[in-house]
Amino acid sequence: MLRVATFNVNGLKARLPALLAWLAAERPDVVLLQETKCQDLDFPVSAFEDAGYQVAFHGQKTYNGVAIASRLPLEDIESGLPGDDEDPQARYLEALVDGRLRVASLYLPNGNPTDDPIKYPYKLAWMTRLIARARHHLSQAPDLPLVLGGDYNVCPTDDDVFDPVGWAEDALCRPETRARYRALVHLGFTDALRVRHPAPGLFTYWDYQGGAWTKNHGLRIDHLLLNPAAADRLLEAGVDLSPRGEPKASDHTPAWISLDV
(Lines give C-alpha, C1' and ligand atoms only; values in the text may rest on other atoms or scores of the structure.)
Protein backbone atom coordinates (compact mmCIF):
# COMPACT_ATOMS: atom_id res chain seq x y z
CA MET A 1 0.00 0.00 0.00
CA LEU A 2 1.17 3.52 -0.82
CA ARG A 3 -0.10 6.71 0.77
CA VAL A 4 0.09 9.75 -1.48
CA ALA A 5 -0.64 13.29 -0.28
CA THR A 6 -0.82 16.69 -1.92
CA PHE A 7 -0.01 19.85 0.03
CA ASN A 8 0.22 23.48 -1.06
CA VAL A 9 2.66 24.78 1.55
CA ASN A 10 2.43 28.47 0.56
CA GLY A 11 6.14 29.09 0.96
CA LEU A 12 8.53 26.28 1.81
CA LYS A 13 10.96 28.42 3.79
CA ALA A 14 8.27 29.62 6.18
CA ARG A 15 6.53 26.23 6.50
CA LEU A 16 9.49 23.84 6.54
CA PRO A 17 9.50 23.08 10.30
CA ALA A 18 5.75 22.45 10.27
CA LEU A 19 6.00 20.36 7.11
CA LEU A 20 8.80 18.22 8.54
CA ALA A 21 6.81 17.70 11.74
CA TRP A 22 3.80 16.60 9.70
CA LEU A 23 5.93 14.22 7.63
CA ALA A 24 7.37 12.70 10.79
CA ALA A 25 3.92 12.23 12.30
CA GLU A 26 2.05 10.95 9.23
CA ARG A 27 4.83 9.29 7.17
CA PRO A 28 3.15 9.48 3.76
CA ASP A 29 5.05 7.56 1.10
CA VAL A 30 4.80 10.35 -1.48
CA VAL A 31 4.01 14.03 -1.02
CA LEU A 32 3.21 16.38 -3.89
CA LEU A 33 4.10 19.94 -2.89
CA GLN A 34 3.01 23.20 -4.47
CA GLU A 35 3.77 26.89 -4.12
CA THR A 36 7.21 26.23 -2.68
CA LYS A 37 8.31 29.75 -3.74
CA CYS A 38 11.87 28.45 -3.81
CA GLN A 39 14.39 28.52 -6.63
CA ASP A 40 16.19 25.23 -7.23
CA LEU A 41 19.51 26.51 -5.88
CA ASP A 42 17.94 27.16 -2.48
CA PHE A 43 15.82 24.02 -2.14
CA PRO A 44 16.44 22.39 1.29
CA VAL A 45 17.37 18.96 -0.05
CA SER A 46 19.22 17.84 3.07
CA ALA A 47 16.23 18.52 5.32
CA PHE A 48 14.10 16.14 3.26
CA GLU A 49 16.87 13.55 3.04
CA ASP A 50 17.34 13.65 6.81
CA ALA A 51 13.60 12.99 7.10
CA GLY A 52 13.93 9.91 4.88
CA TYR A 53 12.68 11.39 1.60
CA GLN A 54 14.19 11.66 -1.85
CA VAL A 55 13.05 14.90 -3.42
CA ALA A 56 12.62 16.27 -6.93
CA PHE A 57 11.83 19.94 -7.44
CA HIS A 58 11.10 22.54 -10.08
CA GLY A 59 11.13 26.08 -8.78
CA GLN A 60 11.61 29.75 -9.37
CA LYS A 61 12.32 32.72 -7.15
CA THR A 62 9.43 34.13 -5.06
CA TYR A 63 6.53 32.54 -6.99
CA ASN A 64 5.05 29.14 -7.85
CA GLY A 65 7.28 26.08 -7.48
CA VAL A 66 6.43 22.38 -7.23
CA ALA A 67 8.16 19.37 -5.71
CA ILE A 68 7.77 15.64 -5.13
CA ALA A 69 9.09 14.03 -1.93
CA SER A 70 9.17 10.24 -1.77
CA ARG A 71 10.30 7.54 0.60
CA LEU A 72 10.67 5.32 -2.47
CA PRO A 73 12.98 5.80 -5.47
CA LEU A 74 12.05 8.49 -7.99
CA GLU A 75 12.85 7.98 -11.67
CA ASP A 76 11.99 9.46 -15.05
CA ILE A 77 11.58 12.96 -13.59
CA GLU A 78 10.16 15.54 -15.98
CA SER A 79 9.86 19.26 -15.23
CA GLY A 80 7.40 21.60 -16.88
CA LEU A 81 4.08 21.01 -18.59
CA PRO A 82 4.55 20.30 -22.30
CA GLY A 83 2.83 22.42 -24.90
CA ASP A 84 4.45 25.84 -24.47
CA ASP A 85 8.23 26.08 -24.58
CA GLU A 86 8.04 29.78 -23.73
CA ASP A 87 6.20 29.30 -20.43
CA PRO A 88 8.61 30.32 -17.63
CA GLN A 89 6.35 29.45 -14.69
CA ALA A 90 7.33 26.48 -12.51
CA ARG A 91 3.98 24.76 -12.11
CA TYR A 92 4.36 21.10 -13.12
CA LEU A 93 6.58 18.17 -12.16
CA GLU A 94 6.10 14.45 -12.66
CA ALA A 95 8.01 11.30 -11.76
CA LEU A 96 7.82 7.54 -11.63
CA VAL A 97 7.72 6.18 -8.07
CA ASP A 98 9.51 2.86 -7.53
CA GLY A 99 8.57 1.77 -11.04
CA ARG A 100 4.95 1.20 -10.04
CA LEU A 101 3.20 4.58 -9.90
CA ARG A 102 3.49 7.81 -11.90
CA VAL A 103 2.65 11.01 -10.07
CA ALA A 104 2.43 14.65 -11.08
CA SER A 105 2.54 17.64 -8.76
CA LEU A 106 0.75 20.56 -10.36
CA TYR A 107 -0.02 24.12 -9.40
CA LEU A 108 -2.66 25.33 -11.80
CA PRO A 109 -2.82 29.11 -12.41
CA ASN A 110 -5.28 31.10 -10.33
CA GLY A 111 -6.56 33.18 -13.26
CA ASN A 112 -7.85 36.20 -11.38
CA PRO A 113 -8.87 38.82 -12.23
CA THR A 114 -10.85 37.25 -15.05
CA ASP A 115 -10.95 40.49 -17.06
CA ASP A 116 -7.15 40.58 -17.21
CA PRO A 117 -6.09 40.02 -20.83
CA ILE A 118 -3.35 37.59 -19.80
CA LYS A 119 -4.17 35.83 -16.52
CA TYR A 120 -7.46 34.08 -17.23
CA PRO A 121 -6.59 33.08 -20.81
CA TYR A 122 -3.31 31.67 -19.45
CA LYS A 123 -5.23 29.59 -16.91
CA LEU A 124 -7.53 28.12 -19.56
CA ALA A 125 -4.65 27.46 -21.95
CA TRP A 126 -2.69 25.76 -19.18
CA MET A 127 -5.68 23.51 -18.47
CA THR A 128 -5.86 22.60 -22.15
CA ARG A 129 -2.19 21.62 -22.03
CA LEU A 130 -2.86 19.53 -18.91
CA ILE A 131 -5.66 17.71 -20.71
CA ALA A 132 -3.26 16.93 -23.56
CA ARG A 133 -0.64 15.62 -21.14
CA ALA A 134 -3.20 13.44 -19.37
CA ARG A 135 -4.42 12.08 -22.69
CA HIS A 136 -0.81 11.24 -23.59
CA HIS A 137 -0.34 9.17 -20.43
CA LEU A 138 -3.66 7.39 -20.86
CA SER A 139 -2.70 6.31 -24.36
CA GLN A 140 0.97 5.52 -23.72
CA ALA A 141 0.74 3.69 -20.38
CA PRO A 142 -2.88 2.79 -19.61
CA ASP A 143 -1.93 0.02 -17.17
CA LEU A 144 0.40 2.16 -15.06
CA PRO A 145 -1.36 3.84 -12.13
CA LEU A 146 -1.26 7.63 -12.51
CA VAL A 147 -2.07 10.34 -9.96
CA LEU A 148 -2.44 13.95 -11.05
CA GLY A 149 -2.38 15.78 -7.72
CA GLY A 150 -2.07 19.33 -6.59
CA ASP A 151 -3.62 22.73 -6.23
CA TYR A 152 -5.93 22.95 -9.23
CA ASN A 153 -7.37 26.35 -8.31
CA VAL A 154 -10.71 24.90 -9.42
CA CYS A 155 -13.90 24.38 -7.41
CA PRO A 156 -15.47 21.68 -9.60
CA THR A 157 -19.06 22.26 -8.40
CA ASP A 158 -21.01 24.48 -6.05
CA ASP A 159 -20.61 21.76 -3.41
CA ASP A 160 -16.92 22.69 -3.29
CA VAL A 161 -17.34 26.32 -2.22
CA PHE A 162 -18.87 27.71 0.96
CA ASP A 163 -20.61 30.57 -0.88
CA PRO A 164 -21.47 29.55 -4.46
CA VAL A 165 -23.26 32.80 -5.28
CA GLY A 166 -20.50 35.04 -4.00
CA TRP A 167 -17.84 33.06 -5.85
CA ALA A 168 -19.73 32.51 -9.11
CA GLU A 169 -17.63 34.94 -11.17
CA ASP A 170 -14.29 34.02 -9.64
CA ALA A 171 -11.78 32.29 -11.93
CA LEU A 172 -11.93 29.22 -9.66
CA CYS A 173 -15.65 28.76 -10.28
CA ARG A 174 -16.43 30.22 -13.68
CA PRO A 175 -18.20 27.92 -16.18
CA GLU A 176 -15.21 27.91 -18.54
CA THR A 177 -12.93 26.72 -15.72
CA ARG A 178 -15.31 24.00 -14.62
CA ALA A 179 -15.86 22.87 -18.21
CA ARG A 180 -12.15 22.26 -18.69
CA TYR A 181 -11.92 20.41 -15.38
CA ARG A 182 -14.81 18.19 -16.47
CA ALA A 183 -13.10 17.60 -19.81
CA LEU A 184 -10.05 16.35 -17.91
CA VAL A 185 -12.07 14.08 -15.63
CA HIS A 186 -14.14 12.77 -18.53
CA LEU A 187 -11.00 11.39 -20.15
CA GLY A 188 -11.39 8.65 -17.56
CA PHE A 189 -10.11 10.12 -14.32
CA THR A 190 -11.60 9.67 -10.87
CA ASP A 191 -11.76 12.53 -8.37
CA ALA A 192 -10.65 10.49 -5.36
CA LEU A 193 -11.89 12.83 -2.64
CA ARG A 194 -15.32 13.23 -4.17
CA VAL A 195 -15.73 9.46 -4.68
CA ARG A 196 -15.00 8.76 -1.03
CA HIS A 197 -16.73 11.87 0.36
CA PRO A 198 -19.73 12.78 -1.80
CA ALA A 199 -21.35 15.19 0.67
CA PRO A 200 -20.80 18.95 0.22
CA GLY A 201 -18.62 20.94 2.57
CA LEU A 202 -15.30 19.07 2.22
CA PHE A 203 -12.69 21.82 1.89
CA THR A 204 -8.90 22.02 1.50
CA TYR A 205 -8.34 25.80 1.55
CA TRP A 206 -9.38 28.63 3.86
CA ASP A 207 -8.30 32.23 3.31
CA TYR A 208 -6.32 33.99 6.03
CA GLN A 209 -8.79 36.87 6.02
CA GLY A 210 -12.16 37.23 7.73
CA GLY A 211 -11.82 34.29 10.10
CA ALA A 212 -12.41 31.87 7.23
CA TRP A 213 -10.83 28.93 9.06
CA THR A 214 -12.86 29.27 12.24
CA LYS A 215 -16.06 29.86 10.25
CA ASN A 216 -15.26 26.98 7.86
CA HIS A 217 -15.58 29.34 4.89
CA GLY A 218 -13.51 27.09 2.67
CA LEU A 219 -12.96 25.84 -0.85
CA ARG A 220 -12.05 22.44 -2.25
CA ILE A 221 -9.36 23.27 -4.79
CA ASP A 222 -6.72 20.60 -4.03
CA HIS A 223 -7.49 17.42 -5.94
CA LEU A 224 -6.10 13.95 -6.56
CA LEU A 225 -7.24 12.63 -9.94
CA LEU A 226 -6.65 8.96 -10.69
CA ASN A 227 -6.50 7.18 -14.03
CA PRO A 228 -8.48 3.91 -14.23
CA ALA A 229 -5.47 1.82 -13.22
CA ALA A 230 -5.06 3.89 -10.04
CA ALA A 231 -8.79 4.20 -9.35
CA ASP A 232 -9.09 0.41 -9.35
CA ARG A 233 -6.54 0.37 -6.52
CA LEU A 234 -8.02 3.19 -4.42
CA LEU A 235 -8.47 2.16 -0.80
CA GLU A 236 -9.26 5.44 0.96
CA ALA A 237 -9.06 9.21 0.57
CA GLY A 238 -9.37 12.12 2.93
CA VAL A 239 -8.36 15.59 4.06
CA ASP A 240 -6.07 16.10 7.07
CA LEU A 241 -7.40 19.19 8.82
CA SER A 242 -4.85 19.27 11.63
CA PRO A 243 -2.07 21.28 9.89
CA ARG A 244 -4.43 24.15 9.05
CA GLY A 245 -5.10 24.80 12.72
CA GLU A 246 -1.43 25.08 13.68
CA PRO A 247 0.36 28.42 14.19
CA LYS A 248 1.75 29.99 11.00
CA ALA A 249 -0.07 27.39 8.91
CA SER A 250 -0.44 27.34 5.17
CA ASP A 251 -3.85 28.44 3.94
CA HIS A 252 -4.18 24.92 2.45
CA THR A 253 -4.20 21.57 4.23
CA PRO A 254 -3.12 18.15 2.91
CA ALA A 255 -5.40 15.85 0.95
CA TRP A 256 -4.39 12.21 0.73
CA ILE A 257 -5.16 8.81 -0.76
CA SER A 258 -4.06 5.26 -0.09
CA LEU A 259 -3.54 2.92 -3.03
CA ASP A 260 -3.08 -0.83 -3.22
CA VAL A 261 0.02 -0.71 -5.42
Side-chain angles (χ1 to χ4, degrees), residues 4-6 8 32 34 66 78 80-84 87 91-94 101-111 114 120-161 164 167-205 219-239 255-261:
V4 181
T6 182
N8 178 321
L32 313 175
Q34 303 87 39
V66 286
E78 297 190 35
L81 183 63
D84 183 357
D87 186 355
R91 293 183 174 275
Y92 187 87
L93 179 69
E94 63 178 54
L101 171 70
R102 178 165 287 277
V103 297
S105 178
L106 63 97
Y107 178 42
L108 205 147
N110 179 283
T114 55
Y120 193 54
Y122 173 66
K123 178 189 185 88
L124 296 180
W126 203 95
M127 295 183 78
T128 299
R129 289 161 54 199
L130 179 61
I131 290 168
R133 186 61 176 171
R135 185 178 289 114
H136 165 81
H137 282 308
L138 289 173
S139 64
Q140 295 298 310
D143 297 327
L144 179 67
L146 169 66
V147 178
L148 302 178
D151 177 0
Y152 278 71
N153 271 314
V154 176
C155 297
T157 73
D158 284 353
D159 287 347
D160 302 304
V161 53
W167 282 77
E169 293 303 315
D170 191 277
L172 280 62
C173 301
R174 282 183 61 93
E176 301 94 327
T177 303
R178 288 176 169 178
R180 275 176 172 75
Y181 182 85
R182 286 195 302 272
L184 173 60
V185 171
H186 289 170
L187 293 176
F189 285 86
T190 295
D191 183 337
L193 288 178
R194 183 53 67 209
V195 164
R196 286 291 185 261
H197 303 277
L202 181 73
F203 303 136
T204 62
Y205 165 89
L219 310 171
R220 189 176 76 96
I221 57 176
D222 302 271
H223 310 304
L224 292 151
L225 298 189
L226 316 182
N227 74 342
D232 286 346
R233 295 165 173 81
L234 178 63
L235 300 174
E236 192 51 86
V239 174
W256 59 269
I257 54 173
S258 56
L259 299 171
D260 183 17
V261 295

Would the distance check show the side chain of [X] and the main-chain N or O of [Y] forming a donor-acceptor pair, the cut-off being under 3.5 Å?
X	Y	result
His223	Val154	yes
Ser258	Glu236	yes
Thr177	Ala171	yes
Arg91	Leu106	no
Thr204	Ile221	yes
Arg233	Val261	no

Taking side chain to side chain donor-acceptor pair (under 3.5 Å) as the test, write out the residues that go with Asp232, two or more places apart.
none
Do Leu235 and Leu259 come close enough that some side-chain heavy atom pair is under 4.5 Å?
no
Taking the side chain as every heavy atom from C-beta outward, state whether Tyr205 and Asp151 have any atom pair closer than 4.5 Å.
no
Among residues at least two apart in sequence or on other chains, which ones pass salt bridge (charged side-chain N to carboxylate O under 4.0 Å, His left out) with Asp222?
none
For Asp158, the salt bridge (charged side-chain N to carboxylate O under 4.0 Å, His left out) test, sequence neighbours excluded, returns Arg178
What distance do [X] atom [atom1] and [Y] atom [atom2] have between them, rounded to the nearest 0.5 Å?
X	Y	atom1	atom2	result
Leu138	His136	CG	NE2	10.0 Å
Trp256	Leu193	CH2	CG	9.0 Å
Tyr152	Arg220	OH	CZ	10.5 Å

Looking only at heavy atoms, what is the nearest atom pair of [X] and [Y], with distance?
X	Y	result
Ala231	Thr190	CB-OG1, 3.5 Å
Leu187	Arg135	CD2-NH2, 3.6 Å
Leu32	Ala104	CD1-O, 3.4 Å

Tell me whether Arg194 is salt-bridged to Asp160, with the criterion being a basic N under 4.0 Å from an acidic carboxylate O.
yes
Is it true that Asp87 and Tyr92 share a donor-acceptor pair across their side chains at a distance under 3.5 Å?
no
